[in-house]
Amino acid sequence: MSGETGVATGGLVDPRLLEILVCPVTKGPLRYDRERGELVSEKAGLAYPIRDGIPVMLPEEARKLD
Amino acid sequence: MAESLTRLAAPAKRAHLPGMAGPDAMQVFDRRLVRRRRERAAATVEKVAPILEDCADRLLDRLDDTTRRFARALDLGGRGVVAPRLTARGIPFVVSADLAPSMAARAGGLPVAADEEFLPFAPGSFDLIVASVSLHWVNDLPGALLQIRRALAPDGLFLASLPGLGTLQPLREALAEAETGLRGGISPRVSPFPDLRDAAALLQRAGFALPVADAEEVPVAYRSALGLFADLRAAGETNAVLARDGRIPPRALLPMAAAALPQGPEGMAPGLRLLMLTAWAPHESQQKPARPGSATHRLADALGTVERKAGERPGG
């Protein structure tokens, strides 16, 4: 896992927090994209940004997936 | 306050006015504006820390009434005074959520930017959720309470305080009177606040068990109305009602309203009536009413009397 050693984009998020976060729209699971510093909800088609280590779980701030 | 805040505010979108048909008919508050206010207030909220701390202490006193130990807490909109208190009480895992990322960052727990109307937490994530003076800018309070209940594990505790009916009432009246005199009409400049009874009913509706709601007057006084306006701004609590008047208010509005505010010996009391809500996520261990017809003993036997059928008259 090469991604484990690199510094996460957007800052580090506590793993205990990642464990309980879900998509605010669908309440479905999120995939942590370390490279982009995003939490991805495939079901909602949204990627929530992580800024300065803060997951920004606001639908209006999320990037729409193609 | 009202003058500068209205100037900063974007004009209200007419399509979103409450009372109009459409999907936004129930929207009372401009959530984007609430978020901007909180973003900005992150740098100034320290100034009103004593009031927020007083409110938080009053709410967290409720924790002393239970012998339960909590391990996973969520601080919703605590603005820097709630999470440190939860940590000080020995709770090892505290998450701080706020609509504004900058406010979440200084709240004291693990920060998350989240909307109370779209909570991003898996079911049963917490055994304690605390919302100290933070749910009064939510449009869909029943929906937010439902999501809070779901984010709690069974037998988890929810503590919330929010300004109730009567809060800022002197200011509401003074502004209305001044504006009527100047413009011949009024626009909403102070948020609508819920009544105690509404709050209790909402908890029940959201599926909480053992809901309790009571009210506390928090003694706050200002030497002048300007001090109150400055504090409201510092806390990010200025007008975000969608139906607010987007025009610049008349120059004389604030001085007129300020002059009309009643002054007591302690100064000007704006009225802060906090509704305190306590409720639990349902669990089978909790006391609940027995099912009708499940009694094993007759009430008449316990009372040592003769049971009479309905409609039957004594001696008749």
Side-chain angles (χ1 to χ4, degrees), chain A, chain B residues 30-36 38-39 42 71-77 83 91-129 138 140 143-144 146-153 156:
Chain A
M1 301 264 281
S2 58
E4 291 294 307
T5 48
V7 176
T9 315
L12 284 171
V13 180
D14 193 297
R16 291 173 299 169
L17 186 53
L18 288 176
E19 222 168 83
I20 55 170
L21 284 178
V22 295
C23 171
V25 180
T26 64
K27 308 285 183 194
L30 296 164
R31 182 171 51 79
Y32 181 22
D33 185 337
R34 273 171 167 270
E35 308 276 298
R36 299 188 79 137
E38 286 178 338
L39 293 167
V40 180
S41 170
E42 307 283 358
K43 212 162 140 198
L46 293 171
Y48 301 92
I50 296 169
R51 297 190 191 124
D52 304 322
I54 304 176
V56 180
M57 307 307 293
L58 306 169
E60 72 263 25
E61 290 289 309
R63 183 174 64 86
K64 285 202 176 62
L65 301 176
D66 312 313
Chain B
D30 183 338
R31 294 285 290 172
R32 281 168 193 271
L33 185 58
V34 171
R35 190 178 147 201
R36 282 212 299 278
R38 290 183 84 91
E39 284 287 352
R72 302 158 70 79
L74 171 64
D75 151 35
L76 258 185
I91 300 174
F93 179 68
V94 181
V95 174
S96 283
D98 202 285
L99 190 55
S102 60
M103 197 63 103
R106 67 174 308 290
L110 292 172
V112 182
D115 187 329
E116 294 92 340
E117 297 179 30
F118 294 92
L119 283 185
F121 304 108
S125 293
F126 304 100
D127 55 15
L128 174 66
I129 297 182
V138 170
D140 180 13
L146 193 70
Q147 295 186 52
I148 287 169
R149 205 252 296 150
R150 289 189 180 142
L152 277 173

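The chains referred to below are lettered A, B, ... by the order of the sequence lines, with proteins before strands, and numbering in each begins at 1.
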### Task
Of all the heavy-atom pairs spanning B/Pro111 and A/Leu17, show the shortest one and how long it is.
O-CD2, 3.8 Å

### Task
With a 4.5 Å cut-off on heavy-atom pairs, point out which of A/Pro59, A/Gly28, A/Pro55 contacts chain B the most.
A/Pro55

### A/Leu58 and B/Leu99: CA distance, side-chain angles, deciding distance, side-chain contact (heavy atoms from CB on, under 4.5 Å) verdict
CA-CA 8 Å; A/Leu58 306 169; B/Leu99 190 55; 4.0 Å; yes

#### Entry: Candidate list A/Val13, A/Leu21, A/Val56, test side-chain contact (heavy atoms from CB on, under 4.5 Å), partner B/Val112, passing option
A/Leu21

Chain A and chain B: which donor-acceptor pairs fall below 3.5 Å?
unit_1: A/Ile20; atom_1: O; unit_2: B/Ala122; atom_2: N; d: 2.8
unit_1: A/Val22; atom_1: N; unit_2: B/Pro120; atom_2: O; d: 2.8
unit_1: A/Lys27; atom_1: NZ; unit_2: B/Leu119; atom_2: O; d: 2.5
unit_1: A/Lys27; atom_1: NZ; unit_2: B/Gln147; atom_2: OE1; d: 2.6
unit_1: A/Pro55; atom_1: O; unit_2: B/Ala113; atom_2: N; d: 2.9
unit_1: A/Met57; atom_1: N; unit_2: B/Ala113; atom_2: O; d: 2.8
unit_1: A/Glu61; atom_1: OE2; unit_2: B/Arg35; atom_2: NH1; d: 3.2
unit_1: A/Glu61; atom_1: OE2; unit_2: B/Arg35; atom_2: NH2; d: 3.4

### Query
How close do A/Ile54 and B/Pro101 get, heavy atom to heavy atom, and via which atoms?
CD1-O, 3.6 Å

### ring-ring contact (aromatic ring centres under 6.0 Å, His included) partners of residues 95-125 of chain B, not counting sequence neighbours, each pair once
B/Phe121-B/Phe126

